[in-house]
Amino acid sequence: MEIVDWASDAVAMVPAYVMVIAGLISFMFIYTAFSKWSSGGKSKRRMAPSPRALPIIGHMHMLWVNPHQSLYHLSKVYGPVFSLRLGSVPALVVCNAESARQILITHDKVAAGRPPILSIPRTCFGGPDIAFSSPGPYWRLMRQICVTEFFSNKRLEYFHYIRWEELGSMMRSVLAAAGTPVPVLKTVQINNNNVISRMIIGKRMDECQGEGGADNVVSIIVDMISILGGFNPGDYISWLASTDLLGLLKKARKVQHRSVVVFQDLINGRRAIRAPGSPPKDFLDLLLDAAEDTKHQELKLEDRHIRAILMDMYAAGTDTSASTTEWAMSELLANPETLQKAQEELDRVIGRERVVQESDIPNLPYLKGVIYEAMRLHPAAPLLAPHYAMEDCEISGFHVAAGTVLYVDAWAIGKDEKVWSEPFRFRPERFQDSNIDVLGQHFGLIPFGSGRRICPGWRLGLLNVEIVLASLLHGFDWSVAEKPDMDEKFSIIMSRKNKLVATPTPRLPAHVYDQYFRERQA
Ligand code: HEM
């Protein structure tokens with residue numbers, strides 16, 4: 001009884017405003033508890049850890065140079081799955097094999113989108129391509145044409161003569177330059193560009209000119225690739241969206257206008273000579289067939305689509321293989337014992353009385369290890385292409401909201417010490433007697449991605465690296481003025497920061513090189 005009296009006295013002594021504040025706090029507490037309960041416990045969802053963000057830019061300052069490496073270092077602090085905010089754009093980064101599998105396979109239906117923040121490629125292409133389109137009937141049809149028709153084993157076999165002719169041309173140019181320093185990337189690029197270009201449009205890249213002849217595909221693609229990896233702040237900070245702060249959108253528009261002239265001329269020229277019902281000779285024919293096919297009328301395939309897809313193929317298909325070959329050569333020259341082993345294998349399997357053929361490739365397991373190691377250490381697309389969560393999902397136990405950009409750091413995954421011993425060492429032997437490959441089944445090594453959006457050109461990409469590298473190593477000894485560094489330069493395709501220059505010395509009897517002068521392989 002006494003206690004009750006004391007309590008009511010005490011309440012009477014508290015000033016009214018304190019009572020009001022206490023009441024408000026209690027109300028907020030009850031309201032918060034109620035909304036958590038009524039939202040089905042959504043706020044109990046586990047969110048991925050995240051570093052402290054800065055106002056406006058969020059975590060953008062952390063990714064300025066070589067973002068694939070910065071993300072690897074962040075993963076050492078925050079764990080293999082963490083979230084970032086790039087300006088106002090939410091992002092999730094995954095740096096281990098299991099989380100990559102969840103994005104690329106388990107949740108691939110939801111996570112196969114492409115984010116809206118890709119203003120530069122979308123402006124360059126000027127129409128929906130494959131690589132930057134979100135899944136839908138158009139993307140599905142284009143992928144189907146790629147995978148089942150263009151990159152099929154049968155078609156690759158049919159195009160063998162193109163690879164042979166271009167290889168011969170490259171080997172002859174290296175032979176002519178014997179004893180002098182050769183820029184490795186450029187040498188290989190010319191080969192790959194011409195192979196892809198002849199398969200796509202039936203002409204070498206420098207022969208693809210608009211009718212006026214003032215511009216050509218080589219310079220358009222070079223300019224396009226130089227800006228594709230660029231960063232447009234307006235994609236991430238909405239009030240900068242209309243400013244084109246770094247001038248990249250203006251450059252992208254210019255590339256797009258030039259490409260309309262050249263590619264439209266090529267399309268018109270082909271239409272004029274195509275015989276109705278004749279079998280398709282190259283990718284352009286396949287696309288024109290699809291545009292005319294009444295089955296696909298609801299998709300309304302127009303010339304702007306065809307132009308965008310052609311640009312896509314050049315952008316995705318040319319430098320990826322060339323850069324991988326340059327990395328493999330760099331690692332071999334920096335680790336001479338591996339170069340010696342690769343050449344010993346070539347001598348053992350092929351000898352020195354003939355040149356390498358594509359049919360030799362399956363018998364060169366050490367060479368395969370060299371290429372896989374180059375792809376593990378220096379994947380051409382270190383963050384793949386950005387994926388996008390089209391709906392809410394859960395990755396490795398963390399809630400991911402719809403609208404989150406998903407970065408799979410293939411570079412970091414290739415350095416995970418839980419999967420790879422001595423992860424920064426170039427050791428092709430690690431693939432001897434191993435069933436690991438690069439085709440998207442082993443998530444510790446995913447240079448082509450995996451699942452729904454796996455690179456449709458992987459077969460050709462790999463073949464170009466294998467035959468070119470095998471021929472360069474079998475045909476020549478290589479020397480460098482100093483041991484190559486391994487400094488990387490991040491872009492849409494990751495290349496060496498300092499280009500590799502190496503001097504070739506012929507290592508086959510002179511008459512054997514004559515085989516490269518034959519028009520067609522026997
Ligand atoms: C060593 C060579 C190559 C590498 C390492 C490579 C790697 C990749 C990667 C990582 C992706 C993104 C996968 C993802 O989004 O998860 C991709 C996509 C793509 N690649 Fe390749 N690529 C190579 C060669 C080629 C070639 C030769 C072509 C065609 C001529 C090509 C055409 C494409 C296309 C069209 C896409 C977009 C697929 C889509 O978004 O659905 N690639 N590539």
Side-chain angles (χ1 to χ4, degrees), residues 68 94 100-101 103-105 108 111-115 118 121 125 128-136 138-147 150-151 155-156 159 162-163 188-189 191-201 205 221 282-283 286-287 308-328 371-372 374-376 378-388 405-411 413-414 438-440 443 445-469 492-495:
H68 58 296
V94 304
R101 194 180 60 78
I103 288 183
L104 302 174
I105 301 287
D108 69 335
R114 293 289 191 223
L118 299 162
F125 293 146
D129 66 330
I130 302 177
F132 299 107
S133 292
S134 278
Y138 172 77
W139 172 80
R140 261 195 300 281
L141 174 65
M142 289 304 139
R143 267 200 77 105
Q144 187 210 321
I145 293 174
C146 276
V147 174
F150 190 53
F151 293 118
R155 187 135 346 235
L156 287 184
F159 284 131
I162 294 182
R163 294 191 295 279
V188 177
Q189 254 170 348
N191 170 82
N192 289 0
N193 290 353
N194 286 334
V195 167
I196 303 271
S197 193
R198 289 176 69 184
M199 288 175 62
I200 294 176
I201 209 153
M205 207 149 143
I221 301 300
D282 53 25
F283 192 54
L286 285 170
L287 293 176
I309 303 279
L310 294 177
M311 303 260 291
D312 214 15
M313 287 293 158
Y314 279 110
T318 50
D319 283 6
T320 34
S321 300
S323 175
T324 304
T325 310
E326 191 196 28
W327 280 117
I371 294 168
Y372 285 10
M375 290 181 154
R376 181 184 70 79
H378 315 284
L383 300 178
L384 307 184
H387 285 232
Y388 185 65
V405 181
L406 306 168
Y407 290 107
V408 177
D409 193 336
W411 188 94
I413 293 171
V438 288
L439 309 184
F443 288 84
L445 185 61
I446 44 171
F448 294 103
S450 178
R452 198 170 283 248
R453 288 213 92 123
I454 191 171
C455 171
W458 66 263
R459 213 178 262 129
L460 174 65
L462 203 51
L463 189 54
N464 275 341
V465 179
E466 288 164 338
I467 188 64
V468 168
L469 187 63
I492 185 110
I493 294 158
M494 185 177 70
S495 57

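When a ligand or atom number is given, it counts from 1 through the structure's own listing order. Computed from heavy atoms alone, side chains included, the values below leave out hydrogens, waters and symmetry copies. Numbering starts at 1 and runs along the sequence shown.
Between His387 and ligand 1, a contact under 3.5 Å exists for at least one N or O pair. Inclusion of Ser450 in the set of residues having an N or O under 3.5 Å from an N or O of ligand 1 is not warranted.
Residue-ligand proximity: Trp139 is placed with a non-hydrogen atom under 4.0 Å from ligand 1. Assignment of Phe151 to the shell around ligand 1 is supported, since a heavy atom sits closer than 4.0 Å. Assignment of Arg452 to the shell around ligand 1 is not supported, since no heavy atom sits closer than 4.0 Å.
For atom 21 (Fe) of ligand 1, protein N, O or S atoms under 2.8 Å: 1 in total.
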*Report the C-alpha distance between Leu104 and Leu384 in whole Å, list the side-chain angles of each, state the deciding distance to 0.1 Å, and finish with yes or no for side chain to side chain contact (heavy atoms under 4.5 Å, CB included).*
CA-CA 11 Å; Leu104 302 174; Leu384 307 184; 4.1 Å; yes
_Could you go through Trp139 and Arg452, starting from their C-alpha distance and side-chain angles, then the distance that decides it, and tell me whether this counts as side chain to side chain contact (heavy atoms under 4.5 Å, CB included)?_
CA-CA 11 Å; Trp139 172 80; Arg452 198 170 283 248; 3.6 Å; yes
*Using the side chain to side chain contact (heavy atoms under 4.5 Å, CB included) rule, take Glu326 and Asp319 through it: C-alpha gap first, then chi angles, then the decisive distance, then the call.*
CA-CA 10 Å; Glu326 191 196 28; Asp319 283 6; over 6 Å; no
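Atom 41 (O) of ligand 1 has Arg143 NH1, 2.8 Å as its closest protein atom, hydrogens excluded (heavy atom only). Residue, atom and distance of the protein heavy atom nearest to atom 7 (C) of ligand 1 are Pro447 O, 3.4 Å. For atom 13 (C) of ligand 1, the nearest non-hydrogen atom of the protein is Arg453 O, 3.3 Å. The protein heavy atom nearest to atom 12 (C) of ligand 1 is Ala385 N, 3.9 Å. Closest protein heavy atom to atom 15 (O) of ligand 1: Arg114 NH2, 2.7 Å.
Rounding to the nearest 0.5 Å gives a distance of 5.5 Å between CG of Leu156 and CE of Met199.
Remark: side-chain polar atoms of Ser321 are paired, donor with acceptor, to backbone N or O of Gly461 under 3.5 angstrom. Side-chain N or O atoms of His387 include one that pairs as donor or acceptor with a backbone N or O of Ala111 at under 3.5 Å.
Using a 4.5 Å heavy-atom cutoff, the side chains of Arg453 and Pro135 are in contact. The shortest distance between side-chain heavy atoms of Leu310 and Leu287 falls below 4.5 Å.
Ring geometry for His68 versus Trp411: interplanar angle over 60°, hence perpendicular rather than tilted (30 to 60°).
Here the closest heavy-atom approach between residue Ala131 and residue Asp312 is recorded as N-OD2, 3.0 Å.
In this view, Phe443 satisfies the ring pair (Phe, Tyr, Trp, His ring centres under 6.0 Å) rule with no residue, not counting sequence neighbours.
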